[in-house]
There are 2 protein chains.
Amino acid sequence: MPHEAQKAIARQSLLLRSLPDQHVETLLSHAIWRQYDRGETIFLQEETAKAVHVVLAGWVKLFRMTPTGSEAVVSVFKRGDSFGEAVALRNVPYPVSAEAVSTCEVMHIPSPILISLMKEDPEIGISILASTFTHLHSLVAQLEQLKAQTGAQRVAEFLLNLCDEVDGRCDVSLPYDKMLIAGRLGMKPESLSRAFSRLKTVGVKIDRSHAEISDINALRRYVEDEPANLR
Amino acid sequence: MPHEAQKAIARQSLLLRSLPDQHVETLLSHAIWRQYDRGETIFLQEETAKAVHVVLAGWVKLFRMTPTGSEAVVSVFKRGDSFGEAVALRNVPYPVSAEAVSTCEVMHIPSPILISLMKEDPEIGISILASTFTHLHSLVAQLEQLKAQTGAQRVAEFLLNLCDEVDGRCDVSLPYDKMLIAGRLGMKPESLSRAFSRLKTVGVKIDRSHAEISDINALRRYVEDEPANLR
DNA sequence: GTGTTGACTTGACAATAGTCATGTTGCGGC
DNA sequence: GCCGCAACATGACTATTGTCAAGTCAACAC
């Protein structure tokens with residue numbers, strides 16, 4: 001059972017934050033807390049789901065291995081994100097594998113608990129649908145990106161999502177290493193390197209894990225511009 | 001309200017087939033039936049969802065328009081498929097637009113009906129999650145395809161999904177026009193043409209909307225082989 | 001029939017991204 | 001400190017795909 005500080009993070013997650021307190025307490029009291037080291041597997045593709053997972057700290061990636069051995073990163077989750085909802089409730093095999101990409105803490109809510117609670121209160125179903133929909137939406141956005149944008153544009157959009165400011169300049173630090181960023185954006189690390197150097201022309205400087213964006217709007221224009229204007 | 005023959009198709013859909021009869025009847029009695037012409041819009045991105053949609057006949061595509069005007073096809077649905085579940089239950093805007101790609105019949109189940117029924121029986125929530133999960137899964141599969149396979153490999157896999165046989169030879173007819181196939185597979189019509197001619201070397205012949213696969217296993221090997229063996 | 005239209009194919013060329021090879025750098029272990 | 005490793009960068013080359021242009025073909029209205 002998780003500690004109070006851990007529970008507090010879980011309560012803020014999309015999955016739990018709109019549920020009535022008493023249900024959240026029931027779920028949390030049955031939850032299992034675990035720490036994973038970088039590179040450790042959380043579950044494997046084809047395994048049957050027994051729990052819903054909530055990231056409390058660190059980063060987790062979902063990916064698929066292709067028959068030829070290359071991996072396709074499907075999503076990367078951070079503190080407060082939940083995953084595996086739709087799978088856990090249906091006792092079907094995971095379509096993806098999950099791995100810790102940094103040291104991280106994950107809370108597991110056993111699916112039987114979730115199911116029995118759902119029978120009491122249909123509102124829980126809506127909550128689960130809410131987080132599932134968020135994933136659905138982000139996959140759709142990724143598909144659009146991959147189909148309609150060049151590598152450099154995807155990188156630019158990735159950087160924009162890291163900025164809090166609306167315009168002007170902005171400093172961000174890359175949340176995880178460049179190999180993973182490349183995977184997440186559907187390219188090879190070499191291509192990511194080249195995309196970064198291409199972005200120099202629109203005022204982006206990269207140093208290690210630190211990125212400096214001199215003009216957010218210029219970057220935004222780069223993402224949305226016609227291919228002809230990209231050079 | 002739909003006719004009996006239309007209801008029969010709806011009852012076989014993933015969304016409804018595992019529900020108790022009485023609930024299905026309630027839903028169907030409130031459903032709206034409509035026919036759409038090729039090219040007609042069913043809903044637009046950013047519109048708020050008011051219903052869940054079930055395809056009874058024909059084909060429907062979901063797509064996103066990018067700021068630059070190009071479109072990214074997200075999925076293509078056929079008879080018996082449902083879409084818009086997760087969105088309808090949450091009163092949020094659609095992340096995609098839907099359009100009829102052939103003359104087609106669609107049944108709309110108003111979301112308030114679904115919600116009220118869900119409060120009576122949480123099993124409905126599970127059914128909705130089931131079809132939502134199917135979409136999630138297919139998006140993940142598409143992402144993997146786009147990230148890890150060449151155009152010709154994606155086309156080969158598309159053809160394999162159309163075959164019923166397990167091995168040997170097989171004839172299939174392309175379900176919709178090649179422009180849409182190209183969009184669905186994330187490429188331009190020209191690239192699809194070239195992918196088809198490339199597949200001649202592994203025993204695939206295309207004539208109009210008719211495809212002839214001389215050896216299913218050879219095609220399967222082509223999809224899974226190392227890039228080095230693809231030429 | 002004729003003409004028009006849109007789907008499809010093909011070729012030439014440009015742009016983008018992957019591969020392979022090589023080199024640099026930062027970091028943890030010792 | 002030094003070593004060794006893995007992440008990252010860069011260059012040269014190749015493969016894949018998009019773009020533009022031209023042409024074929026079938027369907028359909030007239």
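Among the nucleotides dC8(C), dA7(C), dA9(D), the one closest to any side-chain atom of Arg38(B) is dA7(C). When distances are taken from the side chain of Arg194(B) to each of dT16(C), dA12(C), dA12(D), the shortest belongs to dA12(C). Comparing dT17(D), dA9(D), dC8(C) against the side chain of Ser193(B) picks out dC8(C) as the nearest. With distances taken from any side-chain atom of Glu190(B) to the nucleotides dT17(D), dA12(C), dA21(D), the minimum falls on dA21(D). Of the candidate nucleotides dT16(D), dA7(D), dT16(C), dT16(C) has the atom nearest to the side chain of Arg198(A).
Remark: the backbone N or O of Ser82(A) is paired with a side-chain donor or acceptor of His135(A) at under 3.5 angstrom. No donor-acceptor distance shorter than 3.5 angstrom exists from the side chain of Ser13(B) to the backbone of Ile9(B), with no hydrogens or angles considered. Formation of a donor-acceptor pair under 3.5 Å by the Lys147(B) side chain with backbone atoms of Val73(A) is found in this model.
When the side-chain nitrogen and oxygen atoms of Ser191(A) are compared with OP1 and OP2 of dA17(C), none of them lie within a distance under 4.0 Å. Taking 4.0 angstrom as the limit, Arg208(B) places none of its side-chain polar atoms (N or O) nearer than this to OP1 or OP2 of dC25(D). Between Lys188(A) and dC20(C) there is no side-chain polar atom (N or O) within less than 4.0 angstrom of OP1 or OP2.
Put simply, NZ on Lys178(A) is 12 Å from C1' on dG26(C), counting in whole angstrom units. Atom pair Asp207(B):CG and dA26(D):C1' shows a separation of 12 Å (rounding to whole Å applied). Taking atom CE of residue Met179(B) and atom C1' of nucleotide dT9(C), one finds them 12 Å apart after rounding to whole Å. For the pair His210(B) NE2 and dA26(D) P, the computed distance is 16 Å after rounding to whole Å. Regarding Met187(B), its CE atom lies at a distance of 13 Å from the P atom of dC8(C), rounded to whole Å. The distance from atom CD1 of Ile206(A) to atom C1' of dA9(D) is 13 Å, rounded to the nearest whole Å. In this structure, Leu192(B) atom CG and dT16(D) atom C1' are separated by 15 Å, rounded to whole Å. Distance Asp177(A) CG to dA9(D) C1': 15 Å, rounded to the nearest Å.
A salt bridge does not link Arg154(B) with Glu157(B): every distance from a Lys NZ or Arg NE/NH1/NH2 to an Asp or Glu carboxylate oxygen is 4.0 Å or more. A salt bridge between Arg79(B) and Glu105(B) is absent, with no side-chain N of the basic residue lying under 4.0 Å from a carboxylate O of the acidic one.
Distance check, rounded to the nearest 0.5 Å: CG of Leu174(A) to CD1 of Ile181(A) gives 4.5 Å.
With a 4.5 Å cut-off on side-chain heavy atoms, Lys78(B) and Trp59(B) count as touching.
Mapping Gly186(B) and Phe196(A) onto DNA chain D via the closest heavy atom, the residue that lands nearer the 5' end is Phe196(A).
Using five terminal pairs a side, the axes of the helix from dG1(C)-dC30(D) to dC30(C)-dG1(D) at its two ends make an angle of 40°, given in steps of 10 degrees.
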